[in-house]
2 protein chains.
Amino acid sequence: MEQLKVDPRVVRTRKLILNAFIHLSETKEFKDISVKDVTTEAQINRATFYYHFQDIYDLLEKSLSEVLSVKMPEVTSWNGDTLVALFSAITDFQASLSTRCHRGYEDTIARIIRDQIEVVLVRLLSAEANYLSKETISLLATITSWSLYGASMEWKRTQSLSAEEFIRPILPHLVAIPLIQTQ
Amino acid sequence: MEQLKVDPRVVRTRKLILNAFIHLSETKEFKDISVKDVTTEAQINRATFYYHFQDIYDLLEKSLSEVLSVKMPEVTSWNGDTLVALFSAITDFQASLSTRCHRGYEDTIARIIRDQIEVVLVRLLSAEANYLSKETISLLATITSWSLYGASMEWKRTQSLSAEEFIRPILPHLVAIPLIQTQ
DNA sequence: ATGATTCTGTTGGATATCCAACACTTTTGA
DNA sequence: TCAAAAGTGTTGGATATCCAACAGAATCAT
């Protein structure tokens with residue numbers, strides 16, 4: 001469809017940076033990961049990092065975006081399983097950040113995560129519920145992203161159930177309108 | 001010792017090309033591997049290939065050089081085990097080429113392999129037998145490289161023993177002078 | 001506290017890589 | 001046999017990446 005050619009150098013470099021970041025995230029908390037750490041691990045120049053990303057938060061955002069697009073490939077069907085997969089991807093990502101209650105960071109991270117959830121939701125809703133207006137879809141995505149993010153935080157706090165067991169029971173109450181339409 | 005800084009781009013690119021070549025060598029014979037194949041597999045531009053290598057034979061040569069330097073790291077002791085390791089590396093490499101009796105290629109490949117064996121032998125002999133003149137070492141390396149290459153061809157033809165079983169019995173007859181001096 | 005160290009984000013110039021051509025040779029296939 | 005297709009090796013200009021340097025912010029150590 002839209003195969004806009006990208007310079008192979010940039011796909012290589014972005015992959016190196018993203019992989020380095022993901023790898024580092026398994027080792028230390030986000031707040032302890034510096035741009036220097038990432039570029040050293042990726043074996044690319046620090047200036048090159050800033051050619052691709054605004055700062056470390058931008059990297060976090062695009063990293064999440066990448067994870068979501070990989071874990072939710074070409075899925076256009078709006079159903080419970082899709083939402084469970086999305087929720088699981090979110091909790092996985094937060095677990096990989098392994099950060100808890102760092103004042104000043106939490107807000108930024110939370111906004112980034114919600115924004116990316118919203119992007120996925122808009123995509124899903126646009127593909128499925130084309131009978132809704134753009135504005136309605138946008139608002140639905142917004143409130144649902146807040147809901148899912150809040151649920152992920154609560155899940156992280158309790159840790160009693162698996163992500164799926166945790167979220168599935170309340171799916172019918174989440175974004176009730178489109179679910180009713182398609183089931 | 002000699003940490004001459006090299007641009008990280010060239011180490012990346014060379015590694016990509018070498019790995020692509022080694023990977024392709026496991027799939028098809030050397031004669032069927034084109035420069036295009038390698039660059040496509042490595043995901044680098046064809047022009048970049050010629051920035052690093054003269055042609056596909058140059059790549060073959062440097063690939064063997066790389067393999068030898070990896071399989072025979074910092075070994076300076078001139079003894080039977082070292083020669084067995086060298087011989088095994090040669091037969092492994094030839095097996096990975098999986099080429100047999102292609103007129104016109106054989107000569108070039110044989111010369112490349114012998115040259116690289118010779119390089120290793122000169123290094124080993126220089127480190128061990130410093131009581132010999134440069135000219136003597138050079139000539140010893142030359143005749144030994146021919147011997148080892150010939151042995152590897154014979155081994156490839158018969159295939160009856162392991163590389164080690166094949167070569168170890170005749171080691172004392174190979175390059176007898178330095179072996180006597182050090183044992 | 002304060003000085004030292006480390007990190008950040010940015011810049012200018014050097015260099016490696018990309019890309020699209022080109023002429024030429026080799027291989028393919030009808 | 002011949003024409004089309006694919007590979008080779010090279011070139012010039014565009015672009016991504018490197019590198020060294022910088023000032024300012026943040027962190028660390030005493």
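Hydrogens, waters and symmetry mates play no part in the numbers below; they use all other heavy atoms, side chains included.
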note: Ile56(A), atom CD1; dG9(C), atom P; distance rounded to Å ~ 9 Å
Please determine if a side-chain N or O atom of Ser34(B) lies less than 4.0 Å away from the OP1 or OP2 oxygen of dA6(D). no
So does Arg9(B) reach the base of dT17(C) with its side chain, donor to acceptor, closer than 3.5 Å? no
When all nucleic acid strands are considered with a 4.0 Å heavy-atom cut-off, which category describes Arg12(B): base, sugar-phosphate, or nothing? sugar-phosphate
Identify whether any heavy atom of Ile44(B) sits under 4.0 Å from a base atom; if not, whether one sits that close to sugar-phosphate; answer base, sugar-phosphate or nothing. sugar-phosphate
Lys/Arg-Asp/Glu bridge criterion (N-O < 4.0 Å) met for Asp58(A), Lys62(A): yes
In terms of side-chain heavy atoms of Thr48(B), which of dC19(D), dT8(D), dT17(C) is nearest? dT17(C)
Rounded to whole Å, please give me the gap between CG in Leu16(A) and P in dA16(D). 16 Å
With a 4.0 Å cut-off, would you call Arg111(A) and Asp115(A) a salt bridge? yes
Taking atom types as modelled, is there a side-chain donor on Asp37(A) or Thr40(A) under 3.5 Å from an acceptor on the other? no
Nearest listed nucleotide, side chain of Val10(A), among dT11(C), dA16(D), dA16(C): dA16(D)
Figure out the NZ/P separation between Lys31(B) and dT8(D), and round it to whole Å. 14 Å
Between Asn79(A) and Thr82(A), a side-chain donor and acceptor under 3.5 Å: yes
Taking only side-chain N and O atoms of Tyr50(A), does any of them lie within less than 4.0 angstrom of OP1 or OP2 on dT10(C)? no
OP1 or OP2 of dA16(C) versus the side-chain N and O atoms of His52(B): is any pair under 4.0 Å? no
Using atom CG of Asn45(A) as one end and atom C1' of dA21(D) as the other, report the distance to the nearest whole Å. 12 Å
Under a 4.0 Å threshold between the charged nitrogen and the carboxylate oxygen, would Asp7(B) count as salt-bridged to Arg12(B)? no
On DNA chain C, nearest-nucleotide positions of Pro8(A) versus Val35(A): which is more 5'? Val35(A)
Taking atom P of dT25(C) as reference, at what distance in whole Å does atom CG of Asp55(B) sit? 17 Å
DNA chain C nearest-nucleotide lookup for Thr13(B) and Ile33(A): closer to the 5′ end is Ile33(A)
Expressed as a whole number of angstroms, how long is the span from Asp32(A):CG to dT27(D):C1'? 12 Å
How many Å lie between CZ on Phe53(B) and C1' on dT17(C), as a whole number? 14 Å
Just the rounded figure in Å: distance from P of dC19(D) to OH of Tyr51(A). 17 Å
If you look at every strand shown and take non-hydrogen atoms under 4.0 Å, does Asp7(A) touch a base, only sugar-phosphate, or nothing? sugar-phosphate
